Each structure stands twice: as structure tokens, then as C-alpha cells.
Protein chains: 2
Amino acid sequence: MGRTSTAKEKLITSAIELMGNRSYNAVGVQEICDHSGVKKGSFYHFFPSKRDLTLEAIDTMWGKFKEQMLDPIFNSDIKAFEKFNVLMNKSYEYQSAAKECTGCVTGCGMGNLALELSTQDEIIRQKIEQIFEEWAQYFEDVIVDAVNEGDLSVDTDPRSTAQAILAYMEGVSLMGKTFNDPTMLSRLGEGMIQLCISKKNISLEDNM
Amino acid sequence: MGRTSTAKEKLITSAIELMGNRSYNAVGVQEICDHSGVKKGSFYHFFPSKRDLTLEAIDTMWGKFKEQMLDPIFNSDIKAFEKFNVLMNKSYEYQSAAKECTGCVTGCGMGNLALELSTQDEIIRQKIEQIFEEWAQYFEDVIVDAVNEGDLSVDTDPRSTAQAILAYMEGVSLMGKTFNDPTMLSRLGEGMIQLCISKKNISLEDNM
DNA sequence: CTTATAGTTGACTAGTTGGTCAAATAATAT
DNA sequence: ATATTATTTGACCAACTAGTCAACTATAAG
């Protein structure tokens with residue numbers, strides 16, 4: 001009953017775009033409203049607060065990221081290690097496009113919000129923690145497969161390795177943003193595979 | 001001539017502490033003044049803007065970090081790889097103390113500002129880029145030494161490897177902050193060594 | 001002891017922040 | 001056609017933002 005509206009979706013879309021290019025605290029409710037052509041009164045009809053809009057925006061971001069990036073790659077049957085390379089490559093393409101379009105490497109929207117808000121808003125921190133957990137699970141599954149297929153040592157700790165890879169991806173994104181240089185992503189991409197190799201697989205003895 | 005003052009130093013110290021625990025945009029000039037017991041009029045006597053204070057705060061942060069962390073470790077004569085482990089361990093201790101004290105893993109102050117401000121303030125981005133360059137140089141020197149001493153393959157790309165290690169450190173800090181869990185730093189610390197090993201040194205053939 | 005100068009103070013902008021609300025409006029289900 | 005309900009609107013608020021400034025004060029150097 002009553003009328004229908006696309007205002008809520010427009011607000012979320014604008015929030016993702018604006019906060020993605022700048023930051024949570026640098027983007028005000030008014031600017032989000034202006035950008036989406038929605039009046040502030042409507043904003044607070046749909047969201048009790050800026051934080052609530054942000055929580056929904058994070059959900060939407062994560063949903064799209066899974067749908068457009070993670071699922072296509074991790075449901076495909078390419079070789080385990082290759083999946084990481086493809087992901088890093090897609091990220092490179094994404095950041096290159098961002099720089100073309102806005103002049104700036106924007107980095108990972110999730111990591112950006114995580115660093116900005118983790119000490120400021122416990123609810124948002126927990127939400128992103130949960131998403132990182134889910135994200136690492138994609139990696140962990142692949143690592144377990146690789147161990148089972150004999151491509152990785154049985155000494156591999158899948159959970160820590162998955163977290164290490166996620167950490168590395170986030171770190172590379174941070175560097176790319178700081179240097180405003182998307183090629184950072186492709187150049188440092190190789191490191192991800194190295195993080196998979198259990199220490200015992202490395203022939204350190206040969207060199208040390 | 002005229003009177004002397006410690007206000008400038010106090011403002012910088014407060015800015016580092018407050019922005020370190022929260023963020024640039026979340027901390028106002030007024031709060032920095034209250035925290036340091038300096039009146040706002042004095043703030044603008046010493047700094048033309050909040051950004052200028054921040055630029056000096058970044059310099060001070062970096063100076064202390066070099067003096068207290070990097071120089072002691074990288075000027076010592078412990079083994080190359082061990083230096084990375086010591087650094088990661090010190091970071092773990094630092095984040096543990098931060099959590100004890102404030103309840104929050106605060107992450108890397110430099111990385112925090114980098115992600116928040118790189119797309120917002122080009123001057124600050126450039127300053128942090130330059131610091132990251134200097135920081136990676138510490139790593140690169142060690143890697144070159146390790147190559148010369150035969151501890152690392154001659155195939156190693158010292159610059160990219162150094163950047164990869166810095167990226168990983170920043171990524172691990174980001175994860176630690178997002179999970180509000182300092183043990184993340186110690187648990188994922190091992191990965192740094194793996195990033196040093198040139199692909200050709202890895203006996204992938206054994207497993208693949 | 002004076003004078004030049006560096007630092008301090010508090011009151012003051014003008015603009016923005018997140019958020020509120022009552023009244024108007026449009027559409028839907030009956 | 002009507003009653004119900006969802007949405008829209010714009011005016012409004014108090015608190016806060018970065019930044020200004022003229023008057024005041026302390027001191028270091030001559």
C-alpha cells in the first residue's frame with residue numbers, strides 16, 4: 001500500500017560511490033541526498049541514521065563483490081593458484097578503471113571503511129569482520145582443495161594462509177591507493193602465491 | 001625574542017594520539033586543543049590549517065617510528081630474515097599494548113591516514129607515499145644484503161619484494177584492527193619470510 | 001628598564017553536521 | 001470512489017566545523 005519508491009536504492013548506490021571515492025566521515029548525509037536526488041526528509045524515512053545507511057551499503061557492496069568477482073572466479077574450475085592470480089588481475093583492472101574515471105586509485109571499499117571506522121563504530125567493525133571471515137572462507141576452500149589434490153603441502157594451515165592472502169590483498173590495495181598507482185596491484189600480485197607455500201616446502205637449505 | 005612555548009609540540013602530540021585512535025576527519029581542531037590544553041587561537045598561531053598540523057604530525061610520527069623501531073632493528077647485526085620477524089613481533093607488542101590501554105587495536109597510524117586521505121588530500125598522499133618509499137628502502141637494503149650473502153636467490157627483485165613486505169605488514173595491521181585482535185599480527189607474521197623467497201626457489205615441482 | 005616580539009586569549013564568524021517533524025501528496029488495495 | 005498507507009517535502013534545530021582577529025601578556029634581547 002501507499003506509493004512505491006526507488007529512493008532507498010538510490011541512496012545506497014550514492015553512498016557506495018561517494019564513500020568509496022572519499023570516506024565515511026568526509027561524505028555527509030546532505031551530499032548523499034543531493035547526489036541521489038532524494039530529500040533529506042526521505043533519507044530519514046528510510047534510514048534511522050547515517051550509520052544504518054552505511055550498514056546497508058556495506059551489505060550491498062559485499063553482495064555485488066561476491067556476485068561479480070568472487071563467485072565467478074571461485075566457482076570456475078581453473079587451477080587453485082590461478083584463481084588468486086585472476087582475482088588480483090581483476091582488482092588491477094578495477095583500480096585502473098577507477099583511476100581513469102576519477103583520477104584516483106580508490107583501493108578496497110571494505111578495507112577503507114574497516115580502517116576508518118573499526119575504532120569508531122563497533123557495530124560496523126563487527127559487520128566488516130564477519131565479511132572478512134566470509135571472504136577468507138573462499139580462499140580457505142581453495143587452499144583445502146589444493147592440499148587434497150596434492151598441490152600444497154599437508155603442513156599448510158588453510159585458515160591462517162587464507163587470512164594471510166586476504167591481508168596481502170588489502171595491503172597491496174592500500175599501497176596502490178597511497179601511490180595512486182594501479183600497476184602496484186599487478187606488480188605485487190605474484191606474492192599471493194608465495195604466501196600459500198608452507199615453510200617446509202621451501203628449499204631454504206639450498207641457499208642458507 | 002618574545003616568549004617561548006611548548007604549545008606546538010603539545011598540539012602535535014595530541015594530534016598523533018587522537019587521530020591515531022580514531023581518524024583525521026573524526027577528530028576536530030577543538031578536540032585537539034582541549035586535549036593539549038591549548039586555545040584555538042594558539043593553534044592557528046602555530047599552524048595555518050588542520051592539514052598543516054597533520055603534515056607535521058606525520059613527520060613526527062615517522063621520525064619516532066624510525067628512531068624507536070626501524071633504526072634499532074635494521075642497524076643491528078641479526079640475520080636478515082630475523083629482522084622482519086623482530087619488526088613484526090614489536091608491532092604485535094605495540095598493538096597488544098594499544099588494546100590493553102584503549103580497548104582497540106589501532107593499526108598502523110601511517111596506513112590509517114593513507115587510506116583515509118589519499119583520495120582527499122593530494123599533499124598528504126604524496127607525503128605518505130614518500131615515507132612508504134623510505135620505509136621500503138629499509139627492507140630493500142636488507143634484501144640486497146641477503147642476496148649478496150647468498151641467503152636469497154639472485155633472481156630476487158629487491159624493490160618489489162620490499163614493497164610486497166610493506167604491503168603485507170600494512171595488510172596484517174588492517175586485519176588486526178578489523179578483527180580487533182592483536183594476535184593476528186603474530187599469527188600472520190610468518191608470511192613475511194615467504195614473500196622473500198623468489199619463485200624459482202620454491203620446489204613447486206615436488207607437489208604439482 | 002625598555003622595546004620589540006612571540007605567544008595567549010576568548011569572542012566571533014559563516015558554513016556544515018546529523019537529525020526532526022508536521023503537513024502535503026500520491027498510489028494501492030478494497 | 002474511498003480509506004489506508006507509504007512516501008515526499010521543506011522548514012527547522014542545536015551542535016559542531018575550520019578558521020579569524022584584535023586585544024592582551026609575558027619574556028628575551030638590547
Side-chain angles (χ1 to χ4, degrees), chain A residues 1-58 60 113 116-117 119-125 127, chain B residues 1-58 60 113 116-117 119-125 127:
Chain A
M1 278 192 183
R3 34 176 159 174
T4 58
S5 170
T6 58
K8 190 173 180 179
E9 287 68 36
K10 284 193 275 186
L11 286 167
I12 290 174
T13 302
S14 290
I16 291 175
E17 183 179 335
L18 294 172
M19 290 181 185
N21 289 332
R22 303 222 294 290
S23 73
Y24 176 88
N25 284 302
V27 176
V29 172
Q30 191 58 60
E31 189 182 353
I32 295 170
C33 290
D34 292 345
H35 185 271
S36 53
V38 173
K39 295 285 148 28
K40 200 192 277 196
S42 288
F43 181 107
Y44 286 97
H45 173 72
F46 290 107
F47 303 103
S49 71
K50 185 186 178 187
R51 174 216 256 170
D52 288 272
L53 179 257
T54 306
L55 284 168
E56 289 212 37
I58 290 172
T60 303
L113 287 176
E116 185 184 4
L117 300 177
T119 58
Q120 225 182 113
D121 191 311
E122 175 65 9
I123 304 287
I124 290 181
R125 186 196 69 71
K127 159 133 270 161
Chain B
M1 279 193 181
R3 37 176 158 174
T4 58
S5 171
T6 57
K8 190 172 179 180
E9 288 67 38
K10 284 193 274 186
L11 285 167
I12 290 174
T13 302
S14 289
I16 291 174
E17 182 179 335
L18 294 172
M19 288 181 186
N21 289 332
R22 305 224 292 289
S23 76
Y24 176 88
N25 284 303
V27 175
V29 172
Q30 190 58 60
E31 190 182 353
I32 296 170
C33 290
D34 293 345
H35 185 270
S36 54
V38 172
K39 296 284 147 30
K40 201 192 277 195
S42 289
F43 181 108
Y44 287 98
H45 173 69
F46 291 107
F47 303 104
S49 71
K50 184 184 177 187
R51 174 218 256 172
D52 288 272
L53 179 257
T54 307
L55 284 168
E56 291 212 36
I58 290 172
T60 302
L113 287 175
E116 185 183 4
L117 300 177
T119 59
Q120 226 182 113
D121 190 310
E122 175 65 9
I123 305 286
I124 290 181
R125 186 196 68 73
K127 160 132 269 163

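In what follows, every chain begins at residue 1, and chains take the letters A, B, ... in the order their sequences are listed. None of these values were measured; they are calculated from a predicted model.
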Nearest whole angstrom, please: distance from the C1' of dG7(C) to the CZ of Arg3(B).
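After rounding, the gap between these two atoms is 5 Å.
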Roughly how many Å is it from CG in Asn25(A) to C1' in dC16(D), rounded to a whole number?
13 Å
Flag side-chain contact, heavy atom, 4.5 Å: [X] against [Y]:
{"X": "Arg22(B)", "Y": "Glu31(B)", "value": "yes"}
{"X": "Tyr24(A)", "Y": "Ser23(B)", "value": "no"}
{"X": "Asn25(A)", "Y": "Leu117(A)", "value": "yes"}

Say you draw a straight line from NZ of Lys8(B) to CG of Leu53(B); how long is it, rounded to the nearest 0.5 Å?
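One gets 9.5 Å once the value is rounded to the nearest 0.5 Å.
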Can you tell me if Ser42(A) uses its side chain to pair, donor with acceptor, with the backbone of His45(A) under 3.5 Å?
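Checking the backbone N and O of His45(A) against the side chain of Ser42(A), no donor-acceptor pair under 3.5 Å is found.
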Checking Glu56(A) side chain against Ile12(A) main chain: does a donor-acceptor pair fall under 3.5 Å?
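It does not hold such a pair.
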Any residue of residues 29-55 of chain A with a heavy atom less than 4.0 Å from an atom of DNA chain D
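Output list: Lys39(A), Gly41(A), Ser42(A), His45(A), Phe46(A).
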Please list, in numerical order, the residues of residues 4-12 of chain B that have a heavy atom closer than 4.0 Å to any atom of DNA chain D.
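Heavy-atom cutoff 4.0 Å gives no residues at all.
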CA sep, side-chain torsions, deciding dist, call: Gln30(B), Asp34(B), side chain to side chain donor-acceptor pair (under 3.5 Å)
CA-CA 6 Å; Gln30(B) 190 58 60; Asp34(B) 293 345; 3.1 Å; yes
Mind listing the closest non-hydrogen atom pair of Cys33(B) and Lys40(B) along with its distance?
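Residues Cys33(B) and Lys40(B), closest heavy atoms: SG-CA, 3.7 Å.
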